[in-house]
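Atoms within a ligand are numbered from 1 in the order they appear, just like the ligands themselves. Quick note: numbers below take in every heavy atom, side chains included, and nothing from hydrogens, waters or symmetry partners.
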Amino acid sequence: MYKKISFIGAGNMSNAIIRGLVADGYPADHITASNPSQPKLDTLTNDLGIHVTNCNISAIKNAEFVVLCVKPQILKNVCMAFMSEVSLQDKCVVSLAAGIETSNLIVYLSGHAQLIRVMPNTPSAIGCGMSGIYASADVKENYVTFVEKMMQKVGETVVVSKEDDINTVIAAAGSSPAYFFLIAESMIVSAVKMGLSEQQAKTLVQQAMLGSAEMMKQTPTLSPMELRQQVTSKGGTTFEAIKCLQAHDISKIFDEAMIAAVNRAKEMAKEF
Ligand SMILES: NC(=O)c1ccc[n+]([C@@H]2O[C@H](COP(=O)([O-])OP(=O)(O)OC[C@H]3O[C@@H](n4cnc5c(N)ncnc54)[C@H](OP(=O)(O)O)[C@@H]3O)[C@@H](O)[C@H]2O)c1
């Protein structure tokens, strides 16, 4: 059954989700976006025919699901401004804000606890996103199911049962597109140094990355280690390259990078 969804903030992430929903046939007249500046709203309503408004309060009054898509730094003030004017009874609030924990969100929302945290990543904008979802045990199951389906319009979802795990979601999927871009960047620089054109190098690297990810998906019975071993014959070219990466302890480097991301997420949580 279609529910009324209002997005508070019409920036990059709400755009991605709204476009995914409408492309999948979600009725545009069940979606509202609220934003202070008009141009983003004009584009959304012209492209998709959704409702738009500059008033968070009217957007929230109309909604069964309220998706908070403003920057974390302003979320508290945004919530305080609308909480004096609206009741959230029978509404589910979804927060995309990185680093703001449920305990703080409940305070911002004057005790409202039917809320779900979602941590998407930027490939959501092209329908290849990965979102982690956390809801406390008190949140109605049908709310969680609805939010999972909503985020599946722009990619895949994993529901985590402990809030701390959202930080690991950030390290593994929220931040990780940047790790992959860094790997691509380094490989392209090297291939260009060896004589390929920038375009040739980019095509080779991006297609190899895409193909590798697709192989992981399409052969779920094989672990990444087994897939790697399949292309690594002793004494061959891949063997030499992997030996070099392992000599620099690539696994340890990634372990440290992921821990650094989680630690930063924990620090950020204390800032709110
Ligand atoms: N982008 C990502 O990859 C990503 C990943 C995970 C989580 N998130 C989370 O998603 C949320 C949104 O991020 P984003 O990248 O979409 O940011 P964004 O592009 O900057 O969008 C935020 C939007 O909020 C609007 N806004 C500002 N004040 C507002 C108010 N008082 N009421 C309603 N809207 C207001 C801004 O409008 P104006 O521009 O007109 O000021 C802007 O359009 C953040 O909490 C972020 O942590 C994002």
Side-chain angles (χ1 to χ4, degrees), residues 5-21 31-45 47 50-63 65-86 93-102 104-105 108-109 115-134 147 150-151 154-158 160 163 165-181 261-262 264-269 271-272:
I5 315 172
S6 286
F7 291 82
I8 307 303
N12 296 319
M13 201 38 79
S14 2
N15 252 275
I17 303 168
I18 294 169
R19 286 176 190 279
L21 286 167
I31 302 173
T32 301
S34 175
N35 202 74
S37 64
Q38 197 59 33
K40 290 175 185 170
L41 297 179
D42 290 343
T43 308
L44 276 170
T45 197
D47 289 358
I50 65 162
H51 296 294
V52 293
T53 175
N54 304 117
C55 175
N56 291 343
I57 292 160
S58 70
I60 292 166
K61 281 186 177 160
N62 254 321
F65 285 81
V66 177
V67 187
L68 302 173
C69 288
V70 297
K71 289 286 185 202
Q73 296 82 337
I74 65 164
L75 185 62
K76 184 178 182 183
N77 286 343
V78 170
C79 291
M80 281 167 68
F82 68 65
M83 279 315 295
S84 53
E85 304 289 332
V86 295
V93 178
V94 179
S95 168
L96 268 59
I100 306 192
E101 293 180 346
T102 301
N104 284 330
L105 290 164
Y108 301 173
L109 301 172
L115 70 93
I116 297 175
R117 283 187 69 189
V118 171
M119 192 47 54
N121 65 5
T122 48
S124 303
I126 54 159
C128 280
M130 182 65 238
S131 300
I133 296 174
Y134 168 76
V147 170
M150 179 176 85
M151 295 313 297
V154 291
E156 298 197 8
T157 55
V158 164
V160 295
E163 186 160 13
D165 289 343
I166 279 287
N167 293 337
T168 314
V169 168
I170 294 174
S175 301
S176 66
Y179 321 156
F180 297 124
F181 294 138
V262 166
R264 179 64 191 134
K266 285 182 186 163
E267 270 172 30
M268 282 166 68
E271 289 167 13
F272 294 104

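The CZ atom of F180 sits 11.0 Å away from atom OG of S175, with the distance rounded to the nearest 0.5 Å. In this structure, OG on S14 lies 11.0 Å from CG on L21, to the nearest 0.5 angstrom. Taken from NZ in K61 to OG1 in T32, the straight-line distance is 14.0 Å, to the nearest 0.5 Å.
Salt bridge status for E271 with K76: absent, with no side-chain N to carboxylate O gap under 4.0 Å.
Remark: T43 pairs with R19, D47 by the side-chain contact (heavy atoms from CB on, under 4.5 Å) rule, at least two apart or across chains.
Within ligand 1, the atoms closer than 4.0 Å to a non-hydrogen atom of P72 are 44 (C), 45 (O), 47 (O), numbered from 1 in the order shown. Listed by atom number, the atoms of ligand 1 under 4.0 Å from M119 heavy atoms are 6 (C), 7 (C). Those atoms of ligand 1 with a heavy atom of A98 less than 4.0 angstrom away are 47 (O).
The shortest distance between side-chain heavy atoms of F7 and I50 does not fall below 4.5 Å. Side-chain contact check for Y108 versus I100: some heavy-atom pair is nearer than 4.5 Å.
Under 4.0 Å from ligand 1, not a single heavy atom of L68 appears.
Residue, atom and distance of the protein heavy atom nearest to atom 5 (C) of ligand 1 are P120 O, 3.3 Å. For atom 9 (C) of ligand 1, the nearest protein heavy atom (residue, atom name, distance) is L96 O, 3.0 Å. When only non-hydrogen protein atoms are considered, atom 16 (O) of ligand 1 lies nearest to M13 N, 2.8 Å. Of all protein heavy atoms, the one lying nearest to atom 40 (O) of ligand 1 is S37 OG, 2.4 Å. In this structure, the protein non-hydrogen atom closest to atom 27 (C) of ligand 1 is I74 CD1, 3.6 Å. Nearest non-hydrogen protein atom to atom 35 (C) of ligand 1 is P36 CD, 3.2 Å. Looking at atom 39 (O) of ligand 1, its nearest protein heavy atom turns out to be K40 NZ, 2.6 Å. Of the protein's non-hydrogen atoms, the one nearest atom 15 (O) of ligand 1 is K71 NZ, 3.6 Å.
The backbone N or O of A81 sits less than 3.5 Å from a side-chain atom of S84, completing a donor-acceptor pair.
When G132, C69, S14, A97 are checked for heavy-atom proximity to atom 22 (C) of ligand 1, C69 turns out nearest. Proximity annotation for atom 31 (N) of ligand 1: of V78, N121, V67, V78 comes nearest, heavy atoms only.
For the side-chain contact (heavy atoms from CB on, under 4.5 Å) with V94, the qualifying choice from V66, V67, L68 is V67, the only one to do so.
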